[in-house]
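Numbering of ligands and ligand atoms starts at 1, following listing order.
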Amino acid sequence: MPDFQLEEEYQDLSDTVREFADTVIAPVSAKHDEEHTFPYEIQKQMAEMGLFGLPFPEQYGGMDGDYFALALALEQIARVDQSVAITLEAGVSLGAMPVYRFGTEEQKQEWLPQLASGQALGAFGLTEPEAGSDAGGTKTTARLENGEWVINGAKEFITNSGTDITRLVTVTAVTGQEERPDGTVKKEISTILVPTDTPGFEARPAYNKVGWNASDTHPLSLSDVRVPEANLLGTRGRGYANFLSILDEGRIAIAALATGAAQGCVEYATQYAKERQAFGHNIGSYQAIQFKIARMAARAHTARLAYYDAAARMLAGKPFKTEAAIAKMVAGEAAMDNARDATQVFGGYGFMNEFPVARHYRDSKILEVGEGTTEVQLMLIARSLGL
Ligand SMILES: Cc1cc2nc3c(=O)[nH]c(=O)nc-3n(C[C@H](O)[C@H](O)[C@H](O)COP(=O)(O)OP(=O)(O)OC[C@H]3O[C@@H](n4cnc5c(N)ncnc54)[C@H](O)[C@@H]3O)c2cc1C
């Protein structure tokens with residue numbers, strides 16, 4: 001029989017992060033959201049707790065945990081604050097993980113200790129103005145000149161790319177053309193490490209987003225950015241494939257984040273339903289409200305099982321691409337549906353920005369878009385069925 005109970009170490013981590021989220025993050029969430037400020041003081045405390053190093057070995061400054069530990073932490077944080085959770089998710093699974101998975105020993109020694117300790121943040125620059133779901137449409141170029149890559153192009157919507165502590169953006173760029181066996185030509189896409197203090201690299205002004213207001217998101221411009229040839233990450237021409245595998249893992253992390261958002265909505269709505277009076281009774285005594293919250297709880301539970309399963313497969317070294325896509329889609333939709341239902345339970349107060357459910361309502365939409373839209377997940381699932 002499969003056992004979905006958490007082992008003690010995982011449970012302890014989850015409990016610790018839950019308490020931190022409730023007592024340290026939640027009290028300042030509304031303020032950072034309203035003022036669109038990056039929560040440096042929270043990021044620093046998460047770094048001190050070792051959260052940015054969870055899945056990395058100690059030799060690189062990590063906590064010797066695994067990807068599931070990261071997912072559990074993300075779930076607990078996202079219950080109360082999706083902006084803080086995406087800062088951790090992007091910092092670890094998109095900023096540091098590509099270096100860990102594909103870097104040379106030298107690159108790992110240079111970057112991982114600062115990223116895993118949370119002293120610095122890394123970002124992942126795949127999306128471009130004309131290449132999102134169709135990420136192979138990359139137009140950014142990198143040409144080799146006198147032992148240096150010269151990079152030109154633009155990136156769109158890059159998380160953690162412009163904070164005061166951002167030190168690294170890993171970008172995809174077209175480094176040439178490959179001839180296929182059938183004679184057709186395709187772009188050769190590679191990934192290159194770009195320290196953010198390199199001349200020609202610019203994080204342009206932050207977006208004015210619908211949600212995730214306390215997370216850092218910028219368009220980037222790269223104009224004759226010169227970095228050493230040794231900054232190539234992984235094999236030349238494998239950049240696109242490598243990034244897709246990073247996204248497969250990232251979907252488990254995003255599914256965990258979305259599960260946390262869905263669960264947060266259950267908890268806020270349940271508490272409110274027990275207190276709010278209408279027609280002489282708690283609104284939670286009415287079956288219409290009970291059923292709404294019961295359905296929300298079922299969605300959060302289903303989403304959790306889906307990401308646990310994808311993570312278990314990944315850790316066991318089994319194929320997990322389809323299960324990660326399913327988890328990401330199910331959890332993203334659970335978050336959005338629960339946010340809509342939770343605001344309904346809150347009535348007019350649910351429409352007031354300072355209430356956490358209103359924040360979840362604005363924040364959750366991106367969970368159906370970022371790290372692959374729902375349609376992209378459906379494409380992956382359909383492909384696994386041979387369609
Ligand atoms: C807040 C935020 C943070 C982000 N962080 C990062 C980051 O750190 N790094 C990064 O690289 N990117 C990041 N992104 C980008 C994100 O991954 C993309 O926005 C997403 O992949 C969708 O790409 P797009 O916006 O270009 O939409 P498009 O690809 O243009 O899609 C538009 C619509 O068309 C649909 N569609 C596209 N193709 C098909 C098809 N073949 N069949 C059916 N439907 C289709 C899509 O599902 C979508 O509904 C972020 C985005 C946001 C908003």
For atom 3 (C) of ligand 1, the protein heavy atom that lies nearest, with its residue and separation: Thr159 OG1, 3.3 Å
Atom 9 (N) of ligand 1 [closest protein heavy-atom partner, distance rounded to 0.1 Å]: Phe124 O, 2.8 Å
Nitrogen or oxygen atoms of Leu126 and ligand 1 under 3.5 Å apart: yes
Quick check: do Leu70 and Leu51 have side-chain heavy atoms less than 4.5 Å from each other? no
Closest heavy-atom approach to atom 2 (C) of ligand 1 among Leu378, Thr217, Val171, Asp134 is made by Thr217
With respect to Glu375, determine whether any N or O atom, backbone or side chain, lies less than 3.5 Å from an N or O atom of ligand 1. yes
What residue and heavy atom of the protein are closest to atom 12 (N) of ligand 1, and at what distance? Thr127 OG1, 2.7 Å
Considering only non-hydrogen protein atoms, determine which one is nearest to atom 27 (O) of ligand 1 and report residue, atom name and distance to 0.1 Å. Ser133 OG, 4.2 Å
How close does the nearest protein non-hydrogen atom get to atom 24 (P) of ligand 1, and which residue and atom is it? Gly132 CA, 3.9 Å
Output yes when Arg79 and Glu75 qualify as a salt bridge under the 4.0 Å nitrogen-oxygen rule, no when they do not. no
When you measure from atom 46 (C) of ligand 1 to every protein heavy atom, which one gives the shortest distance, and what is it? Thr373 OG1, 3.7 Å
Taking the six-membered ring for Trp, are Phe124 and Phe243 closer than 6.0 Å centroid to centroid? yes
Met379: heavy atom below 4.0 Å from ligand 1, yes or no? yes
Report the distance from atom NZ of Lys328 to atom CG of Leu257, rounding to the nearest 0.5 Å. 10.5 Å
Provide the number and element of each atom of ligand 1 under 4.0 Å from a heavy atom of Glu371. 17 (O)
Under a heavy-atom criterion of less than 4.0 Å, does Val369 contact ligand 1? yes
Ile158 heavy atoms, cut-off 4.0 Å: which ligand 1 atoms fall inside? 7 (C), 8 (O), 9 (N), 10 (C), 11 (O)
Could you check, using the six-membered ring where one of them is a Trp, whether Phe355 and Tyr268 have ring centers closer than 6.0 angstrom? no
According to ring pair (Phe, Tyr, Trp, His ring centres under 6.0 Å), does anything in residues 20-57 pair up with another residue at least two apart or in another chain? List the pairs. Phe38-Tyr40, Phe56-Tyr100
Quick check on contacts: which atoms of ligand 1 are under 4.0 angstrom from a heavy atom of Ile366? 52 (C), 53 (C)
Checking a contact table here: which protein heavy atom is nearest atom 4 (C) of ligand 1, and how many Å away? Phe157 O, 3.0 Å
